[in-house]
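Within every chain, numbering begins at 1; the chains are lettered A, B, ... in the order of the sequence lines, protein sequences first and strands thereafter.
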Amino acid sequence: MNTENNHHLNQLNSAQEEAVKHINGPLLVLAGAGTGKTKVLTSRIAHLIATKNALPSQILAVTFTNKAAKEMVERVEKILGYEVPGMYIGTFHSISARILRKNAELLGLTSSFNIIDMDDQLRLVKRILAELNIDTDQVNPKAVVNQISLWKDKAIKASDVDDIGSYHGNYYDAVKQVYKLYNDELQRSNSCDFGDLILHVINLLASNEACQNYYNKKFKYILVDEYQDTNVSQYLWLRLFAQGHNNICCVGDDDQSIYGFRGAEIENILRFEKDFNGAKIVKLEQNYRSTAHILNAASKLINTNQKRHGKTLFTESEGGKKITILSNWDDNAESNSIIQEIETLKIRQHKLSNIAILVRAFFQTRSIEEALLNEAIPYKIVGGLRFYERKEIKDIIAYLRVVNSDSDNLALERIINVPKRALGAAAFAKCNDYSRTKDVSIYTAISELLKNSLVTGKAKAGLEEFTSLINDARQMLQNSSLKDLAKFIIERSGYEEMLKASKEVNIDTKLENLREFCEALSEFHNLDEFLEHVSLVNELQDQNSEDSVNILTLHSAKGLEFDTVFLTGWEEGIFPHQRSLEESGDKGLEEERRLAYVGITRARKKLYISYANNRRIYNKWQVSTPSRFLRELPDEAIELKGSGTRFNNSYQKKTSSFNTTSAAKFKVGDNVIHTSFGEGNVKSLIGDVVEVNFESGKCRFVTANSLKSNCV
DNA sequence: TAGATACAGCCTATC
DNA sequence: GCTGTATCTA
């Protein structure tokens with residue numbers, strides 16, 4: 001290799017270089033915080049291309065966010081020094097959607113299938129519960145949506161729920177009935193939820209050999225970012241794509257697995273060597289971000305966790321400033337002491353944008369914001385409502401979805417009576433019934449009901465008004481810009497009028513949002529492109545560019561870094577959060593501790609940790625005790641400040657106990673007996689879910705606790 | 001269908 | 001204590 005081809009290896013340390021140069025076979029890169037994870041990923045892609053091991057189109061790189069995907073492309077191109085079109089770099093969902101649009105017919109969809117969001121899911125579940133006469137006091141619709149999503153995350157099909165031992169009883173009988181009807185309804189309306197995007201691709205590859213061969217050949221090298229965040233479905237998805245060549249490189253950090261609540265399985269990364277035979281593991285342990293004190297604190301704290309690969313981060317940088325623990329009488333005092341420190345930093349010419357205040361939960365921001373406002377320190381809250389998630393914007397998008405697709409029943413349901421057209425529950429039920437009986441979309445049903453004079457009175461007038469609006473809009477779609485189309489809908493539907501006549505307080509903001517929305521539409525070439533963007537690339541908008549302090553949650557801080565970081569509310573109940581402990585026990589506690597680790601390692605130069613002895617929560621005063629995590633920090637790295645009660649450092653370390661996952665009882669190839677399916681053979685293990693080839697010939701996913709081993 | 005009233009829920013979140 | 005939503009009543 002000549003040096004010209006080699007510049008992508010510049011500036012890598014030996015571990016990083018080892019990871020980049022490992023070409024074939026499974027590779028796990030355990031990358032501690034600030035150790036150059038993205039650098040390795042992007043250098044590796046550049047290396048594969050520069051050495052001609054792969055064409056750009058043979059590379060599949062998967063991320064969890066669009067931001068990460070975008071950054072990856074940019075950095076690969078920067079390393080190589082030229083534009084690299086054709087790489088498949090994107091989120092699990094956008095890549096899945098792309099593949100599904102090509103193969104939709106094989107799954108009973110059309111290539112223009114709709115992607116639905118949480119609002120749609122909830123609306124659908126409510127409708128189904130009502131149709132089944134299930135009382136929403138008994139079965140909470142939101143909980144059902146969560147359960148269904150979680151089942152999809154675990155690749156548990158509606159027909160498989162019965163096999164899972166832990167879902168028994170009347171409640172689950174109801175939920176799984178809803179699950180089945182929910183899926184039927186999605187199929188009927190040519191729609192996918194986010195879980196389906198992954199599951200359909202799994203089905204496509206698993207059931208169609210030609211298809212699987214095609215993609216196994218096409219994607220020679222697979223790269224996965226943030227592997228610790230993958231759920232069971234994503235894991236199965238990856239295995240299918242890696243089948244045959246096993247050229248899969250997963251990068252992640254088990255110590256930063258903080259998304260258990262949305263289905264992530266830390267076991268995936270802990271199990272990597274077992275899943276992929278002959279896997280090579282490279283640990284990146286040199287940290288380039290933080291001072292030694294900060295790093296030592298993070299290391300000592302995370303070392304309390306039992307379930308981890310175990311890395312020892314080191315740095316060549318100096319001790320730096322000690323971590324300041326700010327103790328305070330109450331939450332207002334906490335905010336004020338933070339603001340005081342910020343004032344000092346300001347005087348010393350620190351940029352405010354290099355300062356971050358991290359909270360466990362959003363309610364903590366109230367008193368912090370008040371204090372910042374008092375002192376006129378500019379701040380921004382990172383996260384929160386995205387532009388396209390605003391109600392008024394979603395309503396107009398629903399109109400566009402109906403204009404775009406006859407089959408989008410859920411979008412239609414959202415806006416058929418917004419603004420009011422005298423089309424209430426009864427009218428909608430009539431359209432829905434007709435649509436089911438005749439097996440046509442609801443929009444078609446409406447047209448036919450009108451044509452055949454099957455509706456009368458106010459409902460007839462309302463439906464006529466609605467269809468004429470949609471039909472006119474469809475005409476416009478042919479020869480007008482999207483911007484004009486949206487403007488037309490907002491006016492002609494009476495939406496604008498409705499807003500103006502309403503007594504809401506923020507009408508002007510909403511009208512302004514709608515105007516902004518119309519402007520934003522001009523960036524898109526067609527409606528399909530826009531709708532795909534809205535569902536899959538809904539990015540956070542950049543707020544004011546003024547130099548301001550960042551306030552964000554620990555979760556959204558992952559992947560970011562700041563010179564100065566304030567970690568707030570280190571009190572039992574808030575952090576670790578009560579509900580994590582109640583719902584997930586030791587497992588929950590370890591995840592909270594990883595969250596603390598993520599928080600600490602965000603700081604480059606100076607870290608503050610604060611707590612209050614008293615806190616007003618939902619307007620009730622509560623006495624709080626300092627977080628146990630404080631006692632897990634090394635004495636030599638911290639200094640105490642403030643007038644609140646000191647925390648007791650002579651605390652006996654509580655040894656945490658673990659229930660070994662029941663799946664650990666089994667291994668691939670074991671003969672097992674299932675409580676209701678009889679004898680079978682273990683095909684694979686995913687967390688506490690076991691894939692079993694049953695003697696009946698059927699292969700199913702079941703939970704470990706519904707299985708007994710069947711050794712002679 | 002507007003307006004009043006009752007009532008639950010209140011942690012984190014990408015696509 | 002506040003907020004969004006479900007349900008009831010005129």
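- Residue A:Lys142 contributes atom NZ, which lies 14 Å from atom C1' of B:dC11 at whole-angstrom precision.
- Here C:dG1 is the nucleotide among B:dT12, C:dG1, B:dC15 with the atom lying nearest to any side-chain atom of A:Asn619.
- With rounding to the nearest 0.5 angstrom, the CD1 atom of A:Ile302 is 8.0 Å from the CD atom of A:Glu590.
- Between A:Asn513 and A:Phe387, the closest heavy-atom pair is O-CZ, 3.6 Å.
- For A:Gln228 and A:Glu226, the side-chain atoms include at least one donor-acceptor pair closer than 3.5 Å.
- Side-chain N/O atoms of A:Ser610 and A:Glu334 include a donor and acceptor closer than 3.5 Å.
- Between the side chains of A:Tyr597 and A:Asn305, not a single donor N or O lies within less than 3.5 Å of an accepting N or O.
- A:Lys420 comes within 4.0 angstrom of sugar-phosphate atoms only, judged by non-hydrogen atoms across all strands, and of no base.
- Nucleic acid contact for A:Tyr618: base, since at least one base atom lies under 4.0 Å from a heavy atom of the residue.
- Once rounded to the nearest 0.5 Å, the distance linking OG of A:Ser111 with NZ of A:Lys102 reads 12.0 Å.
- Backbone-only engagement by A:Asn66 is indicated by non-hydrogen atom pairs under 4.0 Å involving sugar-phosphate atoms exclusively.
- The nearest whole Å value for the distance from the NZ atom in A:Lys558 to the P atom in B:dC11 is 22 Å.
- Side-chain polar atoms of A:Asn432 and A:Glu131 form a donor-acceptor pair below 3.5 angstrom.
- A:Ala422 comes within contact range of the sugar-phosphate backbone alone, with a heavy-atom separation under 4.0 Å but no base atom that close.
- Neither OP1 nor OP2 of B:dC15 sits under 4.0 Å from any side-chain N or O of A:Ser535.
- Heavy-atom distances under 4.0 Å link DNA chain B to A:His577, A:Arg579 of residues 570-579 of chain A, given in residue order.
- Nearest nucleotide to the side chain of A:Asn417, out of B:dT14, B:dT1, B:dC11: B:dT1.
- Applying the Watson-Crick and G-U wobble criteria (two distances, each under 3.5 Å), B:dA13 pairs with nothing in any strand.
- The CG-C1' distance, from A:Asn146 to B:dT14, rounds to 14 Å in whole Å.
- In the set B:dA13, B:dT1, B:dC15, the nucleotide with an atom closest to the side chain of A:His93 is B:dC15.
- One finds a side-chain N or O of A:Arg386 lying less than 4.0 angstrom from the OP1 or OP2 phosphate oxygen of B:dT14.
- Comparing A:Phe194 and A:Ser580 by the nucleotide of DNA chain B whose heavy atom lies nearest to each, the residue mapping closer to the 5' end is A:Ser580.
- The separation between A:Asp153 atom CG and B:dA13 atom C1' is 12 Å, rounded to whole Å.
- Counted within 6.0 Å of CD on A:Glu497, heavy atoms from surrounding residues, nucleotides or ligands total 12 or fewer; the atom is thus considered open.
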All N/O pairs under 3.5 Å across the protein-nucleotides 6-9 of chain C interface:
residue: C:dA6; atom: OP1; partner: A:Lys126; partner atom: NZ; Å: 2.6

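- Here A:Glu583 lies in heavy-atom contact (under 4.0 Å) with a base.
- The distance between atom CZ of A:Arg615 and atom P of B:dC10, rounded to the nearest whole Å, is 19 Å.
- A:Phe92 comes within 4.0 angstrom of nothing in the nucleic acid, heavy atoms only.
- Pair check for C:dA6 finds B:dT5; Watson-Crick or G-U wobble, both atom distances under 3.5 Å.
- Heavy atoms of A:Phe363 sit nowhere under 4.0 angstrom from any nucleic acid atom.
- Distance alone, capped at 3.5 Å, places no donor-acceptor pair between the A:Glu392 side chain and the A:Leu514 backbone.
- As rounded to the nearest Å, C:dC2 and B:dA13 have P atoms that lie 24 Å from one another.
- Out of B:dC11, C:dG1, B:dA13, the shortest distance to the side chain of A:Ser556 is found at B:dA13.
- No option in A:Ile258, A:Asp255, A:Leu554, A:Asp253 other than A:Ile258 meets the side chain to side chain contact (heavy atoms under 4.5 Å, CB included) test with A:Val598.
- Within a 6.0 Å sphere centred on CG of A:Asp135, heavy atoms belonging to other residues, nucleotides or ligands number more than 12.
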